[in-house]
Asker: 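Supplied in structure tokens, the structure appears directly below.
Along the sequence shown, residues carry numbers from 1. One-based numbering, in listed order, for ligands and for the atoms of each.
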Amino acid sequence: MIEAEAAGEGRLADRLARAITLAGPIPVSRFMAAANAEYYAKARAIGAAGDFITAPEISQMFGEMIGAWIADLWGRAGRPAVHYVELGPGRGTLAADALRTMAKASLTPTVHFVETSPRLRAEQAARVPGAIWHDDVSTLPDDAPLVVVANEFFDALPIEQIVRGQGGWHRRLVACQDTLFLPIAGPVMPEAIVPEHLRDAPVGSLIESSPASVGVVRELAARLARQGGAALIVDYGYDGPALGETLQAVRGHGFANPFDAPGEVDLSAHVDFAVLGAAGQVAGATVHGPVPQRDFLGQLGIATRAAALAKASPPRADEIGSAHARLTGADAMGTLFRAMALTGSGWPQPAGFA
Ligand code: SAH
């Protein structure tokens, strides 16, 4: 029902308001899924001129380091035929930079993009001709190992929230009064779904989870266990389950209320690396990290790459230096962002996680 409303005509806020008035409040996950599907269907979300900027849009060095990481691992795996897979490739910048670096090591994989936004698919096609698109991971090829990259993908997937009330933990729902969306406490959930060490948290405490993210990691890990290959997940996150709300809305490089203006702001939540790592391991993959982005890029040699780029182009030296600092600085993306890898049967230890 909500999915049908989200795909219809007119403003998403109006369609969601009508759907909630007719059928009642909806889970936070359905609100977030509908809002982000609409949001990413617009152009200009990502980049300096958009609402937020991501690592590959800051500098070509980010995609190049990831390309070098894949080429190194592939070389040590015996140079098999592989598929390059990217989840939520945005404008296609990371893929273009990584594929260019891989080609220098004679690695020219077929390219598969998991992307739901038609507008972003068109941008990706312009930067990476010949890619094949998928709506989700279930249709990825099964005839060769997969090397998978997901940068700031999992933070965009829908989350559930539960809130501690007087009588137990309630699933959080989104209601609508007039045209205002607001979170409310829904039905009490069975205590078994609440992690044991958090059950006695004070009234008002909130716990997030992302069943959608766990589902994707499980499927990927099972593929890696069967087909071989590796996956690299880079995102901002924590080791949960933990108390606290991380759902946030970003618009024009600033924060907004997540329940205002669905479809017009980017909704994201911090990624629970502990839960995703455990899901990957249970499904048969070997888990590496997570490590801070600063350590991952540092071990791969980003300082050497920055120096080489600055030497080749002295007028850009300042810009390259500040991009390096943004990607690795403790006060920028260096420690908030983390990298975690999954590898499949017979694949070697990936670089960057020592
Ligand atoms: N990786 C890119 C873009 C990050 S933004 C970068 O680093 O710049 C999130 C990306 O995930 C966008 O491409 C968005 O369209 C895509 N996306 C969000 N939800 C998705 C879903 N459920 N299925 C597939 N792609 C999704």
Asker: Between F259 and F31, is the gap from one ring center to the other below 6.0 Å?
Answerer: yes
Asker: Who passes side-chain contact (heavy atoms from CB on, under 4.5 Å) against L243, sequence neighbours left out?
Answerer: W169, L198, A201, S205, I207
Asker: Heavy-atom cut-off of under 4.0 Å around ligand 1: list whichever protein residues fall inside it, by chain and number.
Answerer: Y40, I46, T54, P56, G88, P89, G90, V114, E115, T116, S117, L120, N151, E152, F153, L157
Asker: Looking at residues at least two apart in the chain, or sitting in another chain, which of them share a side-chain contact (heavy atoms from CB on, under 4.5 Å) with H288?
Answerer: T286, A341, T343, Q349, P350, F353
Asker: For D155, check side-chain contact (heavy atoms from CB on, under 4.5 Å) against everything at least two apart and list the hits.
Answerer: E152, D235, Y236, S268, V271
Asker: Report yes or no: does H170 contribute a side-chain atom to a donor-acceptor pair with the main-chain N or O of G186 at less than 3.5 Å?
Answerer: yes
Asker: Just by distance, do the side chain of Q227 and the backbone of P141 share a donor-acceptor pair under 3.5 Å?
Answerer: yes
